Each structure stands twice: as C-alpha cells, then as structure tokens.
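Here's the structure we're looking at; comments come further down.
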Amino acid sequence: MTSSRILSQYFAFLSIALIILVGGCSSDDSTTPIVSDPTDPADPTDPSPPTVTAPANLAGIWEGTFKKDLDTFDVAMVFHIPSGAVEGRVIGVAINRITQEPYILIDSGYQDVTNDNWPFQYIVGRLGSQGTSLKYYEFANNLVGNQAGTIQLDLNGNTLTGTATLNILGEFIVELTYSEQNLKNATLAELEGVWTDANNGWDDGATGTTLTLAADGTVSAQAIGTSNCAGNGPSTDVTDFNIYLFGNPDQANKTIITLSGCGTRDYNLGSGAVDGFYDGMAVILEDNNGTDTLVLLMSETGATGLPAAPPSMATYNVFIKN
C-alpha cells in the first residue's frame, strides 16, 4: 500500500494502489496468438480496486478542504452515529497549509435534517437534544478556547459539500470526500500496545504523551516531560468502521477519560486547568512508510455532573506505536 499524500505531520491519507499483472506467452507457431489484455477494463479477469461507499448516516472518515477567500485548509473529519440514534458525533482538524500546524479542532454533534424543511441535508451544530451547538477550538500554543458555529452539508455519492460558519473566523466553503481509510476495520487487537506522541502533551509541563492500551481497551496515559499529567478510562472499537471511542458520550452508556495530576495550559485568551473529564474519538491511519498512526481528539465534558472548567479544553495527538 502506498500513500498519495500526507496531511502534514499530523494526518496521513492513502490511496489504494491497483497492482496489475501483465502476462504474455510465446509460441512456435508463426501465427501470433491472441492474448487477453489484462489491462483492458472489459477483461473480466482484470482485478478491481477496493472501493468504499459513504453511508447515508455519514459514519466514517472524510477528507477535503475548508476554503475562505484565497486561503485553503486541509481537513479531516470523522463522523459516528450510534445504532438507532438520530444524532451523532463528529470530530475534525483543519491544517494550515503554510504553517502545517492544526488551525482549528472540531468536536460536536450532527443530525440528518432532510425532512425538516431545511435547504440542506445535514447540520453540524445548532440543533439537537444533546446540545450539539458546534464546538470548535482555535489552535494556539497547543490550546484553544471553545467557540461556536454551524456546518451545513449536502451528500452526493461520496462527496459532502456545504458551508461552515464559525464565530469569529467567518464562513468557509466545505468540500469533503469519503476516505479510502474507511477500508480499515478497527479492532481492539490493533489498538493494544504502547503509543507515543513526542510532540504534544496535555499541559504546559508536558513535551509529549505516552498512551498504553490493554487488550480489553483500558486506557492508561502518562505525560512526557516535567508534568505529572495522567489519563485513565475505557476505549472501544466501532464495529465495521475504522473508529475508536475514547470514553463514550452516549447518555445511555456514558463513560469518560479522566485526566488528573495535570497543570495548566496557556492559550490565546489566558490560562486554564487541564484536570477534568474527557471523551472523544480516534482513528488509525497509515503513513506512506506503512507505519500506523493513532490520531486522537478529545474534549472536556461535564459527564459526571461536574461542570467543565472554563475554558473548555481539547486535546489533539498523533501517536506512533512503539
């Protein structure tokens, strides 16, 4: 498997290579034999490349762009909706093409509003019984304040198009394609082991984070550096999708990742305590060297009934398996 490109040092996106075997034959007969051309698309023996088809509930990994004026940001978004639910969860990251740093993080709910007389099919934020007003985070000094907005989308085959209106940042044109990374079926066996992000810790005393995942999905994390920040909680795989849940925001089965012993983190509007209760989602992506990376985004939640400390915190990591 080879990579078509890397979405900065944080996201790896692949295209699936079609391997074509070219055959030939020789004969002592002076008449040139007629041989089926294996590269002929009409040839029934020609192998077909694997494909993915976007489901109507959008579940899976999407990649594309946010565009505003002359600026283009590379974007990866992950949608997940529990079986039987009418409202799902979406996380995402937009990468600044110039700095190659995360520009914004997205963590919110989404709904299919096809039958609600709206001029679009799907909405991220602003609607929903669980308070799905879009949360996005301006990435600055590894931390961000919680902002609001809305994303309106239409589905056409494997393409999502629409607009993202983000408070303060303004309006973006959204173009996303269902990723072939969805061919990977996530399992806890793949998640098991020790993963390290040597670039991004969870507080200002951490230079990175080490994540250990047990066979049953139990999460144990420890900061690298002068920080004592630690994380604990459960993770689960989403059947048939390349998606892992870290904690679970489902009201019927709510679980959390607890961060404790952490210090503070400076951000663009001040400083805030990192300790608290988090949940989020992760995907395993393969870079062009065939190395798996675990991309994880979590945000603080009041899951235990305690309010989230202001400003609302988000964590973003790209882990490499040791």
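In this text the structure is predicted, and so the values were computed from the model without any measurement.
- Between the side chains of Ser227 and Asp203, a donor-acceptor pair is found at a separation under 3.5 Å.
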I would like to know whether Asp237 and Thr187 meet side-chain hydrogen bond (donor to acceptor under 3.5 Å, both in side chains); could you show each step before the answer?
CA-CA 6 Å; Asp237 58 320; Thr187 66; 5.9 Å; no
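- Side-chain contact between Leu211 and Val194 is absent, with no heavy-atom pair separated by less than 4.5 Å.
- Considering CZ of Phe277 and OG of Ser260, their distance stands at 9.0 Å, rounded to 0.5 Å.
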Could you go step by step and tell me if Lys184 and Glu286 meet the salt bridge (charged side-chain N to carboxylate O under 4.0 Å, His left out) rule?
CA-CA 10 Å; Lys184 192 178 189 71; Glu286 186 178 304; 5.1 Å; no
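- Taking the six-membered ring for Trp, Tyr122 and Tyr110 have ring centres at least 6.0 Å apart.
- Side-chain N or O atoms of Thr293 include none that pairs as donor or acceptor with a backbone N or O of Val318 at under 3.5 Å.
- Side-chain contact between Phe66 and Asp74 is absent, with no heavy atoms from C-beta onward closer than 4.5 Å.
- When hydrophobic clusters are built by joining Ile, Leu, Val, Met, Phe, Trp and Tyr residues whose side-chain heavy atoms come closer than 4.5 Å, directly or via intermediates, Val219 is not grouped with Ile224.
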Trace of the side-chain hydrogen bond (donor to acceptor under 3.5 Å, both in side chains) decision for Ser179 with Glu63:
CA-CA 6 Å; Ser179 173; Glu63 57 181 307; 3.1 Å; yes
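- At distances below 3.5 Å, at least one donor-acceptor pair connects side-chain atoms of Asn158 with backbone N or O atoms of Val52.
- For the pair Thr163 (side chain) and Ile173 (backbone), a donor-acceptor distance under 3.5 Å is absent.
- Taking a 6.0 Å sphere around CG of Asn156, one finds it holds 12 or fewer heavy atoms contributed by other residues, nucleotides or ligands.
- Side chain of Thr255 to main chain of Asn248: a donor-acceptor pair is present (N/O by atom type, distance under 3.5 Å, no hydrogens or angles).
- Of the options Leu58, Thr114, Val113, a side chain to side chain contact (heavy atoms under 4.5 Å, CB included) to Gln121 is made by Thr114 and by none of the others.
- A donor-acceptor pair under 3.5 Å is formed between the side chain of Gln222 and the backbone N or O of Cys229.
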Thr291 vs Asn289, side-chain hydrogen bond (donor to acceptor under 3.5 Å, both in side chains): CA-CA, chis, key distance, verdict
CA-CA 5 Å; Thr291 302; Asn289 295 318; 5.3 Å; no
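- Remark: side-chain polar atoms of Asn317 are not paired, donor with acceptor, to backbone N or O of Leu296 under 3.5 angstrom.
- Cluster membership check: Leu176 shares its hydrophobic cluster with Leu183, using side-chain heavy-atom separations under 4.5 Å among Ile, Leu, Val, Met, Phe, Trp and Tyr.
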Working for side-chain hydrogen bond (donor to acceptor under 3.5 Å, both in side chains), residues Asn232 and Thr258:
CA-CA 5 Å; Asn232 295 279; Thr258 301; over 6 Å; no
Run Asp279 and Arg89 through salt bridge (charged side-chain N to carboxylate O under 4.0 Å, His left out) and show every step you take.
CA-CA 11 Å; Asp279 61 40; Arg89 175 88 171 264; 2.7 Å; yes
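- Under a 3.5 Å cut-off, the side chain of Asp197 and the backbone N or O of Asn199 do form a donor-acceptor pair.
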